[in-house]
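Note: hydrogens, waters and symmetry copies are ignored here, and every other heavy atom, side chains too, is used. Chain naming here is simple, since letters A, B, ... match the order of the sequence lines and numbering starts at 1 in each.
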Amino acid sequence: MSQYKKSEAVKTLILDSAERLFEEKGYEATTVADIIARSGLQTNRLNYYFQNKAEIAALLCKKMFRCVEETVMYTLFPMTNSMIVKDIIHIRTLLRTMLSKEPSMNFYYEIARENIITEIIVSASYSHFIQQREFLNLHYDKDTLLIYAHFFAASIVELIKARKEGDLKMPEEEALDFFNITHLKLVNICKAEGQAYLAEAKQLMKNIEYELKDMTTVRLRAFRADRQELPQ
Amino acid sequence: MKRVAEYKKSEETKEKILDAASKLFFEKGYGETTIKDIANLSKLSLSRMNYHFDNKAELAGLICRMFLKSLSDEIRAIIKTFTSDVILRDTIHIAFWAKIFMNNSNCRNFYYELACDDILRHNLVESSVRHFIDQLNYLHIDYEKENARAQARVFVASLIELIIATKEGDLTMPVQQIIDTYNDFHLRLLDYDKTKMKGIIEEANLHVSHIRYEINDLMSIRLWYSNEPEPEEPDKNNDFNNDDFIYALPPA
């Protein structure tokens with residue numbers, strides 16, 4: 001095996017071990033020593049790959065974001081052309097992954113409190129806003145979009161915190177609706193228009209099955225209206 | 001009578017502690033100040049202090065709420081003299097609020113520290129829920145209570161994010177642009193008429209430029225309306241960029 005491949009394999013091993021531990025014990029309770037022990041590494045080698053626990057958590061979080069983005073794109077490609085509908089489903093899938101079920105909910109809550117998530121969402125949503133600027137007819141400069149990306153990230157993090165802390169007792173579906181509408185308002189779509197898009201997205205989602213495999217892996221499967229699985 | 005006297009005494013002690021804490025937070029910063037410093041300055045034993053307040057965070061939270069109440073009372077008294085439009089009032093309020101948070105260095109540091117410690121969030125939510133309910137009623141928009149709560153939370157979280165990101169250098173555009181974008185977001189949350197948004201924000205900014213302030217501690221603020229608009233303050237964020245730019249130039 002080449003040196004590069006070997007090092008990638010060790011990295012993956014560390015990430016996987018850390019993910020299992022975060023799942024079992026939570027982020028805060030897991031120590032770097034636990035991760036080293038679980039990966040069967042020599043003590044000094046973890047530092048060679050990662051600076052600290054926060055960096056590992058950030059990578060896992062990014063992995064989940066990537067996974068959601070890919071599965072949403074892939075699944076929706078034959079189903080709709082509407083960028084807005086895709087966005088709605090994208091955001092719902094993300095939030096659902098972070099909000100609906102333990103131990104995932106706890107993990108994302110803990111790393112939200114450590115300010116690990118905000119930065120990741122800021123950079124992801126900023127490039128997203130930039131990409132969509134023309135499509136959505138947003139006449140904003142890049143600076144404004146960067147500020148929006150900060151609003152968007154802060155809002156998601158707040159939602160994760162507030163749900164876990166027991167504030168915002170609305171049913172999950174309503175919380176997701178609220179969030180979708182807020183996002184659409186940012187990209188210049190008012191509430192009434194937004195609700196029409198939301199209805200369209202939800203109609204589509206009736207034929208999509210959501211599965212959370214582990215804290216960072218999400219699968220979507222699309223069915224035809226007659227419940228036949230769509231060919232992948 | 002004895003009970004009343006005791007109550008009074010206890011209130012006086014509390015005030016003494018708050019004064020001392022506010023002074024120290026203002027001068028040294030929240031993080032640098034210890035509970036012991038506060039006890040020393042208010043000439044109380046640590047155990048007496050603990051009887052009144054559980055910890056530093058509780059003190060900071062109270063000071064923050066007192067400041068915002070003072071700011072809100074003062075600004076409403078001024079605005080009342082020229083408009084009864086609730087949305088214009090709150091747009092001015094937000095613009096002024098954000099300006100103090102981002103431009104006044106003592107406030108900026110204090111609120112940045114509270115923001116990082118997650119203290120600010122809890123202390124702003126309840127008052128901003130009331131604001132949103134006020135505004136939604138004024139605009140005759142039907143709402144559910146939980147939804148107004150969610151809006152208020154998003155609104156507060158976004159402000160806190162701005163305080164942190166500005167201080168940490170992630171947002172380097174002019175402060176005025178940040179404030180305008182924040183106001184614009186607030187109006188969007190309220191589904192305010194898009195065609196009127198720009199106008200109302202400009203009107204609010206014009207008023208803000210007439211409002212002068214004086215801050216001597218972190219518990220209160222004094223405001224007055226001047227007939228002259230304020231001369232343009234050098235923008236903190238811009239200043240910083242220009243300096244960088246000058247230093248980056250090769251020597252002639």
Looking at A/E211, I'd like to know if its CD atom is crowded, meaning that more than 12 non-hydrogen atoms belonging to other residues, nucleotides or ligands lie closer than 6.0 Å. yes

Is the count of non-hydrogen atoms from other residues, nucleotides or ligands lying under 6.0 Å from A/K25 atom NZ greater than 12? yes

Minimum side-chain heavy-atom gap B/I160-A/E158 below 4.5 Å: no

Examine whether an atom of B/D180 lies under 4.5 Å from a heavy atom of chain A, and if so say whether it belongs to the side chain, the backbone or both; otherwise answer neither. neither

Does the plane of the ring in B/F185 sit parallel, tilted or perpendicular to the ring in A/F151? Use 30° and 60° as the thresholds. parallel

May I ask you to say whether B/R149 pairs ionically with A/D167, meaning some side-chain N is under 4.0 Å from a carboxylate O? yes

Crowded around B/K167 NZ? As in, over 12 foreign heavy atoms under 6.0 Å? yes

With a 6.0 Å cut-off (strictly less than), is the heavy-atom count around NZ of B/K28, excluding the residue itself, greater than 12? yes

Applying a strict 4.5 Å limit to non-hydrogen atoms, the region of A/E174 in contact with chain B is side chain

Do A/M170 and B/E144 have side chains that get closer than 4.5 Å, going by heavy atoms? no

Should we count CZ of A/F77 as having more than 12 external heavy atoms under 6.0 Å? no

Work out which heavy atom in B/L162 is nearest to a heavy atom in A/I147; give both atom names and the distance. CD2-CG2, 3.9 Å

Part of B/Y182 lying under 4.5 Å from any heavy atom of chain A: both

A/L146 and its side chain to side chain contact (heavy atoms under 4.5 Å, CB included) partner, picked from B/T181, B/T172, B/L171: B/L171

Within a strict 4.5 Å, meaning less than it, do heavy atoms of the A/F178 and B/V154 side chains meet? yes

A/L168 and B/R153: which non-hydrogen atoms are nearest, and at how many Å? CG-CD, 4.1 Å

A/E119, CD: over 12 other non-hydrogen atoms inside 6.0 angstrom: no

Contacting region of B/D118 [heavy-atom separation from chain A under 4.5 Å]: side chain

Do A/V157 and B/E161 have side-chain heavy atoms sitting under 4.5 Å apart? no

In Å and rounded to the nearest 0.5 Å, what is the OG1 to CG distance from A/T144 to B/D184? 8.5 Å

Can you tell me if CD on B/E58 sees more than 12 non-hydrogen neighbours from other groups inside 6.0 Å? yes

Could you tell me which non-hydrogen atom of A/A154 sits nearest to which non-hydrogen atom of B/A157, and how far apart they are? CB-O, 3.5 Å

Please classify the contact between A/Y140 and chain B as side chain, backbone, both or neither, with a heavy-atom cut-off of under 4.5 Å. side chain

Would you say that A/D141 contacts B/M173 through its side chain, given a criterion of any heavy-atom pair below 4.5 Å between the two side chains? no

Testing the basics here: between A/L186 and B/R188, what is the closest heavy-atom pair and its distance to 0.1 Å? O-NH1, 3.8 Å

Measure the shortest side-chain to side-chain distance between B/D191 and A/K185 over non-hydrogen atoms and say whether it is less than 4.5 angstrom. yes

Any heavy-atom pair between the side chains of B/K194 and A/N188 that's under 4.5 Å? yes

